[in-house]
Colleague: 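Pasting a structure here, questions to come.
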Amino acid sequence: MPELPEVEVVRRGLERWVAGRTVTEVEVLHPRAVRRHPAGGADFAARLKGQRFGVARRRGKYLWLPLAETGTSVLGHLGMSGQLLVQPEDAADEKHLRIRIRFAASDSDSVRGAAGTELRFVDQRTFGGLSLHDQTPDGLPDVIGHIARDPLDPEFDDAAFHSALRLRRTTVKRALLDQSLISGVGNIYADEALWRSRLHYDRPTATLTRPRSAELLGHVRDVMNAALEVGGTSFDSLYVNVNGESGYFDRSLDAYGREDEPCHRCGTPMRRRAWMNRSSYFCPRCQRPPRAGA
DNA sequence: CAAGGCTCCTGATAGC
DNA sequence: TGCTATCAGGAGCCTT
């Protein structure tokens with residue numbers, strides 16, 4: 001389940017292996033993978049052919065590859081199970097291969113070690129996809145104008161985030177998952193940051209003091225940076241990191257998936273609650289629910 | 001307009 | 001063994 005750190009790892013892999021390469025052929029193998037491209041798979045392939053990729057960019061969980069000299073970008077979202085893989089052209093197709101992008105083998109294609117490789121979008125559950133969009137003047141694909149800056153963005157405005165929390169009539173975990181308030185936080189890291197902050201997921205955002213929201217934001221950043229450290233190294237190895245598997249989940253989770261296991265802080269069994277068609281994991285002792293009607 | 005709920009999808013797993 | 005039910009979840013879209 002890729003969240004911001006995993007997507008950033010993928011972005012770095014794309015920067016290393018794909019930037020500067022020229023597309024020669026595009027195969028769309030599943031229509032759902034281009035459903036955000038209204039003109040359809042054939043149009044997507046035709047318009048991409050012959051274009052040269054610039055350096056991959058990211059906001060929250062969205063990433064995009066600007067096409068040099070056109071003012072358009074290939075926008076990608078990995079959804080729940082998406083992967084972008086750089087594979088040798090002769091490698092067997094993955095079971096859930098959805099889109100294949102082949103590159104020129106010309107002399108101008110000077111990405112070190114990338115000769116004979118192609119870019120593949122693989123996605124089991126088909127929540128993710130690729131699409132082509134015009135860019136706004138600030139370089140953002142036009143369809144993600146509503147996505148807020150993410151907490152690792154140097155221009156993220158902490159004070160504005162706090163003000164927005166105070167104004168909202170919602171609860172803290174909903175706010176963390178609201179990509180128009182803060183982007184890049186998914187269910188897993190939301191639970192982790194709330195656990196670290198000793199905040200219950202149902203606490204109304206309007207009750208958060210400035211120090212509390214600052215602490216929460218700090219923990220969100222800590223959790224993401226820790227995951228990035230584990231997954232975001234060694235981009236010289238083709239197969240390891242372009243797929244965004246950080247290995248972080250197995251080792252370092254304090255909340256997510258730990259129902260009935262002892263809280264790493266106080267030993268109380270962790271609980272799971274059905275919440276918004278998914279789960280919230282929390283420590284009933286460290287993360288006390290808000291008073292009814294508070 | 002804001003808030004919250006529904007829905008898309010496939011594979012792993014549990015239960016009978 | 002083989003079937004069915006349940007769960008996982010990002011974010012666009014719809015309803016209230």
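Only this structure's heavy atoms are used, side chains among them; waters, hydrogens and symmetry mates stay out. As the structure is a prediction and not an experimental result, all values here were calculated from the model. Within every chain, numbering begins at 1; the chains are lettered A, B, ... in the order of the sequence lines, protein sequences first and strands thereafter.
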Colleague: At under 4.0 Å, does any side-chain N or O of A:Y62 touch on OP1 or OP2 of C:dG12?
Modeller: yes

Colleague: Can you find a side-chain donor-acceptor pair between A:Q135 and A:S73 that sits under 3.5 Å?
Modeller: yes

Colleague: Nearest whole Å is fine: how far is C:dG10 P from A:L181 CG?
Modeller: 16 Å

Colleague: Counting primed atoms plus P, OP1 and OP2 as sugar-phosphate and everything else as base, spell out the protein contacts along nucleotides 3-12 of chain B at 4.0 Å heavy-atom distance: B, S or - for each nucleotide, 5' to 3'.
Modeller: SSS-BBBBS-

Colleague: Of A:L132, A:V74, A:T22, A:L67, which meets side-chain contact (heavy atoms from CB on, under 4.5 Å) against A:Q51?
Modeller: A:L67

Colleague: With a 3.5 Å cut-off and no angle check, do the side chains of A:H264 and A:R258 form a donor-acceptor pair?
Modeller: yes

Colleague: Would you say A:D123 and A:S81 are linked by a side-chain donor-acceptor pair, where the criterion is simply a distance under 3.5 Å?
Modeller: yes

Colleague: In terms of the angle between their ring planes, are A:F161 and A:F156 parallel, tilted or perpendicular, with boundaries placed at 30° and 60°?
Modeller: tilted

Colleague: What is the distance, rounded to the nearest whole Å, between atom CD1 of A:I188 and atom C1' of C:dG10?
Modeller: 12 Å

Colleague: For residues A:R21 and A:T117, is any side-chain donor paired with an opposing acceptor at under 3.5 Å?
Modeller: yes

Colleague: Report, one pair per line, the protein and nucleotides 4-7 of chain C atoms (nitrogen or oxygen only) whose separation is under 3.5 Å.
Modeller:
none

Colleague: Hey, are A:S280 and A:K173 close enough side-chain-wise for a donor-acceptor pair under 3.5 Å?
Modeller: yes

Colleague: A:E259 has an atom CD; how far is it from atom C1' of C:dA8, in whole Å?
Modeller: 14 Å

Colleague: Please say which of A:L165, A:D158, A:L176 ends up in a side-chain contact (heavy atoms from CB on, under 4.5 Å) with A:L217.
Modeller: A:D158

